[in-house]
Amino acid sequence: MTKAPIIVAEHLDKFFGDFQALSDVSLTVHQGERVVVCGPSGSGKSTLIRCFNGLESHDAGRLTVEGVELVPDSPKIRQLRQDVGMVFQQFNLFPHLSVLENLTIGPMKVRKLPKAEAEATARKYLDRVHIPEQAGKYPSQLSGGQQQRVAIARALCMEPRVMLFDEPTSALDPEMIGEVLDVMVELAGTGMTMVVVTHEMGFARKVADRMVFMEQGRIVEVAPPEKFFSAPESARAKLFLDQILEH
Amino acid sequence: MTLADTGRPAAPQRPWTAKRVLNARPVAVALYLVIVAAIVWASYAGAQRMGYNWQWYQVPKYFGSFTDDGFQPGEILFGLGATVLLSGLSFLLAVALGLLVALLRLSGLVVGRAVAVGYLELIRNIPLLVLLYLFYYVLGPIFGLDRWWASILTLAVFHAALISEILRAAINAVAQGQWEAASAIGMSRAQAYRWIILPQSVRFLLPPMTGEFIALIKSSAIVSVIAVAELTTIGRNIISDTFMSFEIWFTIAGVYLILTLVLSFGVSALERRLATRQ
Ligand SMILES: Nc1ncnc2c1ncn2[C@@H]1O[C@H](COP(=O)(O)OP(=O)(O)OP(=O)(O)O)[C@@H](O)[C@H]1O
Ligand SMILES: [Mg+2]
């Protein structure tokens, strides 16, 4: 029962100057699938998922998202980004806007929704991330965990078909990681297609359909979590798991 | 009673250094007054020696007078109004032009950068007075600019150069992540500027922009050379009628000073308001 492919990456290369950040990366993400990407620092995880919404442009290979090919600088990228939500490590909330305005600015300015409708959607998603009472505050008045949940709600307000997460919990104090992961688990429960870069292996075990392990710009291993955690094929993945499961 | 009884060690006695003495409040205030008094007295004594005939009592009527019809503003107030209008319009235009130049420089277009840099270099290397003559005597007849608009354009074009640098710095001061977050929700570059980047730049902008507005107000005095009826021109006119050059120049200087101080304090208050909100 294979579902429709949403993200299809074929043989992607990406260079920063002379440095090759991605080499020959191929990956297909299907509708409703949850893919967790892990790997050592500098292995190209962020670069890969940033390619998926055009924040980075690939130098070679082919990348299609929802059947639309991402050509660097093509005007279609903007259209596409509305369907691909992104959550950043550093939250990147808009500090000059209240929480509610953070959520409504995209729908109002990009999707041209009327204010009342945008606010209704915003409140729905604030409920979904369990902070309806913070609507009137400014981001700087919230804890890190609350800010990241607002960032998730902001992405959801665009009603995306895929959500990308780039280490959403690694800038958080340990006691706040759980509340963000809970929201992400609930989101997975709604059938959202998700690509998550994270080192939270508990989360990966719980929600991932597939684990992707990267090193030095390559995808070294793709496996279902049960197999990946118990018997990783590559020696490198094994070493990596030993290291991060140690602490 | 000895110190040991109180259980507290004595504060160490700081020596009375020269700096400490000079900075003690009463000494500082007294010194300040002495210096100001010395300057005033020296000018007054100098004027006295020249046989200058002080006529301060003549000055108030140039601010305005009370008649049966109520308060009638005098020439200085009209001049002040003209200076405020001239500076205000020039500043608005300078901000618009400066923003355009800043965006061109940040656009990543080779042509845009070249135009912006060429403009900056040109303006930086032409004296303001020559620029004014260019606008009034050369571009004026060509484009039908009167002295008022020639002045506004000169001031705007001159100050837009520095303003564009201020804007560029303020735009660059906004974190890169803000651009990414704006793009990630599908905003275009223009939308990101309008809704995300520029509003956040304001807080980096206010102090240097105030400084630039004050500089513009001061340089607006230069348009008196083409007889635009602003504060400095009015001063000159009054003097040519009355020969009270000392009183009038002190007065005109005072009016500029008050105008710029009011502006600075106003903006500081605004800044504090903005700071408490975020
Ligand atoms: N804009 C850039 N310019 C130059 N080099 C870059 C740039 N972005 C990333 N790189 C390099 O590309 C490599 C991959 O970076 P990437 O951020 O994708 O790694 P990562 O797997 O996400 O690592 P981390 O776990 O530290 O976030 C790194 O060596 C990084 O230094
Ligand atoms: Mg990364």
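Naming: A, B, ... by sequence-line order, numbering from 1 per chain. From a predicted model like this one, the values you see are computed outputs, not experimental measurements. Note that these values count all heavy atoms, side chains included, but never hydrogens, waters or copies made by symmetry.
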Quiz item: Looking only at heavy atoms, what is the nearest atom pair of A:Gly106 and B:Ile185, with distance?
Solution: CA-CD1, 3.8 Å
Practice problem: With a 4.5 Å heavy-atom cut-off (strictly below), which parts of residues 78-97 of chain B touch chain A? List them by number. | Solution: none
Quiz item: So, for B:Ala184 and A:Met86, which heavy atoms are closest and what is the spacing to 0.1 Å?
Solution: CB-CB, 4.0 Å
Quiz item: Do the side chain of A:His96 and the main chain of B:Ser201 share a donor and acceptor less than 3.5 angstrom apart?
Solution: no
Quiz item: Which pair of heavy atoms, one from A:Val110 and one from B:Met187, lies closest together, and at what distance?
Solution: CG2-CG, 3.6 Å
Quiz prompt | Interchain contact, A:Leu93 with chain B, by part (heavy-atom threshold 4.5 Å) | solution = backbone
Quiz item: Which region of A:Phe94, side chain (C-beta onward) or backbone (N, CA, C, O), has a non-hydrogen atom less than 4.5 Å from a non-hydrogen atom of chain B, or is it both or neither?
Solution: both
Quiz item: Considering only heavy atoms, which portion of A:Ile105 lies under 4.5 Å from any heavy atom of chain B: side chain, backbone, both, or neither?
Solution: both
Quiz prompt | Heavy-atom contact with chain B under 4.5 Å, split by part of A:Val84 | solution = backbone
Self-check item: Heavy atoms of other groups near B:Arg189 CZ, more than 12 under 6.0 Å
Solution: yes
Practice problem: Rounded to the nearest 0.5 Å, what's the gap from CD on A:Glu56 to CD on B:Glu180? Could you check? | Solution: 7.5 Å
Exercise. Check the surroundings of atom CZ in B:Arg20: do more than 12 heavy atoms from other residues, nucleotides or ligands lie under 6.0 Å from it?
Key: yes
Quiz item: Which region of B:Gln178, side chain (C-beta onward) or backbone (N, CA, C, O), has a non-hydrogen atom less than 4.5 Å from a non-hydrogen atom of chain A, or is it both or neither?
Solution: both
Quiz item: For atom CZ of B:Arg25, is the number of surrounding heavy atoms from other residues, nucleotides or ligands below 6.0 Å larger than 12?
Solution: no
Practice problem: Please state whether the side chain, the backbone, both or neither of A:Arg50 comes within less than 4.5 Å of a heavy atom of chain B. | Solution: side chain
Quiz item: A:Pro95 and B:Gln200: which non-hydrogen atoms are nearest, and at how many Å?
Solution: CG-OE1, 3.2 Å
Practice problem: Check whether any side-chain N or O of A:Asn92 sits under 3.5 Å from a backbone N or O of B:Ala181 as a donor-acceptor pair, and report yes or no. | Solution: no
